[in-house]
2 protein chains.
Amino acid sequence: MANNIYNLQADTLKAIAHPTRIEILQQLQQGERCVCEIFPALNIEQPNVSRHLSILKKEGIVSSRKEGLKVIYRVNDQRIFKILDLVTEMLKEHWDSRKEAFA
Amino acid sequence: MANNIYNLQADTLKAIAHPTRIEILQQLQQGERCVCEIFPALNIEQPNVSRHLSILKKEGIVSSRKEGLKVIYRVNDQRIFKILDLVTEMLKEHWDSRKEAFA
DNA sequence: TTAATATATAACTAAATATACATATAGACA
DNA sequence: TGTCTATATGTATATTTAGTTATATATTAA
């Protein structure tokens, strides 16, 4: 995969573009969390969460450290939440303009 | 697909998360463009561009209007560019911190 | 050393996505 | 009407991605 800016941007966006990973990020917005806290909160299998976390980690969106048996994840850059906020704003606007169209 | 916020956010992000579509958006940042201008600029097949545009349109990211034979596309919400800018900033930061690690 | 716990990875299957090529549609105009 | 041009869509194929189950690894503690 050519390392031009479009590919790099797409890779980062792809890493975020999954409902489970967005939900994981939302958990991490409240602070560091170990896998053992994340997967019950999301009510999905532990290996599944580990896979999603490894995708986020590969793209540099989260980092981890070990603490005994636990692996604790954190978000590297708060801008990720600004991105999610912008998406939400866009969705709202889109929804509103559609409502107008039907009003 | 359940219509919860995470799915909606993921759908929007997935629509942007492709190098060709990012490049299309970058073209449209300079103003409205017809398909006939976009596909030569990107040097890809016309049907390919039409498909990518339809994905962006389905998610409400672009709109189109007809003008004679041409179909002219435009971006609906400038926030899309703010999102791409934030991704670029994140990539730079990530790159810089990696450089430090090797310095 | 053995057992228990937390996490990661492998292997498989199913589903989604991207691309290419061919063809269809729709508008302009002779 | 027929033809040309611009765009969209159908279909097949290849690739990627997601989820599940089983298993491996690593750390702690008995």
Side-chain angles (χ1 to χ4, degrees), chain A residues 1-4 6-25 27-28 32-75, chain B residues 1-4 6-25 27-28 32-75:
Chain A
M1 309 289 157
N3 258 20
N4 60 48
Y6 304 120
N7 276 286
L8 293 172
Q9 287 177 317
D11 286 342
T12 298
L13 288 167
K14 255 193 294 186
I16 325 171
H18 189 289
T20 300
R21 293 196 286 272
I22 295 173
E23 204 172 352
I24 289 173
L25 290 171
Q27 288 285 316
L28 295 179
E32 298 188 323
R33 291 283 186 278
C34 66
V35 179
C36 62
E37 291 170 305
I38 297 171
F39 83 85
L42 271 62
N43 197 32
I44 61 178
E45 311 296 322
Q46 173 270 315
N48 199 356
V49 167
S50 280
R51 300 274 257 72
H52 284 302
L53 283 166
S54 80
I55 290 166
L56 291 170
K57 191 175 178 178
K58 180 159 150 278
E59 291 305 321
I61 294 163
V62 302
S63 300
S64 65
R65 65 186 165 82
K66 283 201 97 163
E67 200 168 272
L69 280 177
K70 300 180 177 177
V71 178
I72 298 174
Y73 284 85
R74 66 179 173 281
V75 166
Chain B
M1 311 284 164
N3 259 22
N4 59 49
Y6 304 121
N7 276 286
L8 293 172
Q9 287 177 316
D11 286 343
T12 297
L13 288 167
K14 254 192 294 186
I16 323 170
H18 189 289
T20 301
R21 292 196 287 271
I22 295 172
E23 205 172 351
I24 289 173
L25 289 171
Q27 289 284 319
L28 295 179
E32 297 189 322
R33 290 285 184 278
C34 67
V35 179
C36 59
E37 291 170 306
I38 298 170
F39 84 85
L42 271 61
N43 197 32
I44 61 178
E45 314 295 324
Q46 172 271 315
N48 199 354
V49 167
S50 280
R51 264 193 212 287
H52 284 302
L53 283 166
S54 80
I55 289 165
L56 291 170
K57 191 175 179 179
K58 181 158 151 279
E59 291 305 321
I61 293 163
V62 303
S63 300
S64 66
R65 66 187 165 82
K66 282 201 100 160
E67 199 167 273
L69 282 177
K70 300 181 179 179
V71 178
I72 298 173
Y73 283 85
R74 66 181 172 281
V75 166

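Side-chain polar atoms of A:S63 and A:K57 form no donor-acceptor pair below 3.5 angstrom.
The CG-C1' distance, from A:L53 to C:dT9, rounds to 14 Å in whole Å. For the pair B:D11 CG and C:dA16 P, the computed distance is 12 Å after rounding to whole Å. Atoms CD1 (B:I24) and C1' (D:dT7) sit 13 Å apart, rounded to a whole Å. A:L13 places its CG atom 17 Å from the C1' atom of D:dT16, with the value rounded to the nearest Å. Residue B:F39 contributes atom CZ, which lies 16 Å from atom P of C:dT19 at whole-angstrom precision. Computed from coordinates, the B:E59 CD to C:dT17 P distance equals 10 Å when rounded to whole Å. Separating the CG atom of A:L56 from the P atom of C:dA8 is a distance of 12 Å, rounded to the nearest angstrom. Taking atom CD1 on A:I44 and atom P on C:dA8, their separation rounds to 13 Å, with Å as the unit.
The stretch residues 34-64 of chain B participates, sequence neighbours left out, in these disulfide bond (SG atoms under 2.5 Å apart) pairs: B:C34-B:C36.
Side-chain contact between A:N7 and B:I22: absent, with no pair of heavy atoms (C-beta onward) separated by less than 4.5 Å.
Taking for each of A:K14 and B:K70 the nucleotide of DNA chain D with the nearest heavy atom, the 5'-most of the two is the partner of B:K70. DNA chain D is contacted by both A:R21 and B:I72; B:I72 maps to the nucleotide lying nearer its 5′ end (nearest heavy atom per residue).
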Using the 3.5 Å cut-off, write out each protein N or O paired with an N or O of nucleotides 19-25 of chain D and the distance between them.
unit_1 : atom_1 : unit_2 : atom_2 : d
D:dG19 : OP2    : A:N48  : OD1    : 3.3
D:dG19 : OP2    : A:H52  : NE2    : 2.8
D:dG19 : O6     : A:R51  : NH2    : 2.8

Strictly under 3.5 Å: I want the nitrogen or oxygen pairs between protein and nucleotides 27-30 of chain C, one per line.
none

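Counting non-hydrogen atoms under 4.0 angstrom, A:I55 reaches the backbone sugars and phosphates but no base.
Of the candidate nucleotides D:dT7, D:dA18, C:dA8, C:dA8 has the atom nearest to the side chain of A:V35. Counting only heavy atoms from C-beta on, B:C36 has its side chain closest to D:dT7 among C:dA6, D:dT7, D:dT17.
A donor-acceptor distance shorter than 3.5 angstrom exists from the side chain of A:R21 to the backbone of A:K14, with no hydrogens or angles considered. Here the side chain of A:R51 pairs no donor or acceptor atom with the backbone of A:Q46 at under 3.5 angstrom. Remark: the backbone N or O of B:R74 is not paired with any side-chain donor or acceptor of B:R33 at under 3.5 angstrom.
In this structure, A:Y73 and A:L28 approach most closely via the heavy-atom pair O-CD2, 3.5 Å.
OP1 or OP2 of C:dA8 lies within a sub-4.0 Å distance of a side-chain N or O belonging to A:Y73.
Ion pairing between B:E32 and B:R65 holds under the 4.0 Å rule for side-chain N and carboxylate O.
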Item to check | Audit row: B:I61, B:L25, side-chain contact (heavy atoms from CB on, under 4.5 Å) steps and yes/no | outcome: CA-CA 9 Å; B:I61 293 163; B:L25 289 171; 3.9 Å; yes
